[in-house]
Amino acid sequence: MSGSTLVELDDAREAILSASRPLAGESVALGNGALGRVLGEDVTATHPVPAFDNSAMDGFAVRAPDLSGAGPASPVTLRLVGESRAGHPASAVLEEGEAIAISTGAMLPRGADAVLRVEQTRPRDEESVQALSAPELGRDVRRVGEDLLPGQTVLRAGTRIGPAELGVLASLGRSLIRCVRRPRVSVLVTGDELLGLHEAPRAGAIRDTSSYSISALAQCGGAEVKWTGRAADDEAATREAVERALDSVDVAVVCGGVSVGSHDHVRPSLGALGVRERFWGLALKPGSPAWFGWRDETLVFGLPGNPVSAMVTFVLLVGPALRVMLGQRGEAERGEAIMSSDYAKPPGRAHAVRCRLEQRREGLYAAPTGPQGSHVLSSMLGADALAVIASDSTGVSAGERVPIEHLREWTRA
Ligand code: AMP
Ligand code: MG
């Protein structure tokens, strides 16, 4: 990992994308665990929704021509010949001069072609109703197939299932759906200085944050965290933990210990365990020690120990792999924003600047979240996007446009 061998972010992602394969599908019960999963099939409507013409209002099913000319001053009286309630259709067929009481969502009786709202009637007696207006043909009728038509592709494979998708799948009566298997991920953190949440503080020790933030990113990315572990800065302990991390997962993530320090044992362990190195050293700040390789079907990411670097490289490098595994486009959601302040940098490495986005009248603005040190984890709070300033750039001035990658997909599990 020297200055001359640093891999550009785009090349790194290209290598990761070409090493990533879509995972197989599995059947998931709509009512049990489908939320947040990714569809593994195109969903096509097999029948129309709604399945029958029905009323949008409480009122009376009528034949529109019977009421032409009806108004407050010239009411038309119709014979009441039955009732259609939601879930209980009327058996009668509507003939000329007749009305059938109807509730919202109830099936439109045969012969009817409009609904007269209850507010536009005057009750007369049990057997008749007075119409005070003349609804046009089709008025307040929800037509069969207005929502979905048979044969229509409603949802595409690769779609993340949210509340609306669940509802639409239910409207089609789908109790089982095919979802892509969740990528299985392990997260190993390394470092003598790391303290678990329940360990007593001691001099020189810090809280292990990446076990939480990186596992959470994996879950936000649609993966399942199968194992988390921590290893001391010791050759044997690191190798043992890395071996465990590689067991039965699609993606193994190792945080820290991947740099050039004399106590960094991750790379030799990976090598000894047969993980092939694809690249080490990224032309990106934060994130230069990042490492990538694979063993058989398992992709292996060595991420920098610094908590911000670990999160940023997870998003930028592991993110594309997870998307491909889930049958989605590998690329992140990208855009452009106007930098709200000057940002200076030396050439040589790209910078991923954590930014808050603000929509103003003149356009979308990106404002750095504050001090950008790779240890300043609070700089990730409220970050909506990463502004990626190119390697060869010496910075941008306020008002200049910069490419951004949105972070919203990383904020919901
Ligand atoms: P390393 O990449 O192991 O040299 O670690 C770089 C920096 O990140 C050091 O300051 C470590 O203490 C810190 N660090 C490493 N792993 C973690 C972690 N899991 N949580 C918080 N900080 C970490
Ligand atoms: Mg370390």
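Start at 1 and go down the list; that is how both ligands and their atoms are numbered. Everything numeric in this text was worked out from a predicted model, so none of it was measured.
Residues L303 and W291 form no side-chain contact, since every pair of their non-hydrogen atoms from C-beta on lies 4.5 Å or further apart.
The closest approach between any non-hydrogen atom of C255 and ligand 1 is not below 4.0 Å. In this structure, R230 falls outside the shell of residues with a heavy atom less than 4.0 angstrom from ligand 1.
A tilted orientation is assigned to the rings of F292 and F279, their planes being inclined by 30° to 60°. Using a 30° and 60° split on the angle between ring planes, W410 and F314 fall in the perpendicular class, above 60°.
Close N/O approach between D208 and ligand 1 is found [any backbone or side-chain N/O within under 3.5 Å]. Polar contact with ligand 1: absent for D264 (N/O pair, distance under 3.5 Å).
Considering only non-hydrogen protein atoms, atom 12 (O) of ligand 1 sits nearest to E193 OE2, 2.5 Å. At the top of the distance list for atom 22 (N) of ligand 1, counting protein heavy atoms only, stands I206 CD1, 3.3 Å. Taking atom 7 (C) of ligand 1 as the reference point, the nearest protein heavy-atom neighbour is N306 OD1, 3.4 Å. Nearest to atom 20 (N) of ligand 1 among the protein's heavy atoms is T209 N, 3.0 Å.
No donor-acceptor pair closer than 3.5 Å links the side chain of D53 to the backbone N or O of R143.
S133 pairs with exactly one of R139, Q120, E119, R117 by the side chain to side chain donor-acceptor pair (under 3.5 Å) rule, that one being Q120.
Judged by a 6.0 Å distance limit and a 45° cone about the ring axis, R278 is not positioned over the six-membered ring of W294.
Of the candidates G305, G257, S213, G257 brings a heavy atom nearest to atom 3 (O) of ligand 1. Considering each of L194, V189, V187, the one bringing a non-hydrogen atom nearest atom 17 (C) of ligand 1 is L194.
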>> With side chain to side chain contact (heavy atoms under 4.5 Å, CB included) as the criterion, how do R63 and L94 come out once you've worked through the C-alpha distance, each side chain's angles and the decisive distance to 0.1 Å?
In response: CA-CA 8 Å; R63 295 159 62 113; L94 204 69; 3.8 Å; yes
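The proximity of R207 to ligand 1, defined as any non-hydrogen pair under 4.0 Å, is limited to the backbone. Using a 4.0 Å cut-off between heavy atoms, S210 contacts ligand 1 through both its backbone and its side chain.
Nearest heavy-atom pair, S340 versus P368, reported as atom, atom and distance to 0.1 Å: OG-CD, 4.3 Å.
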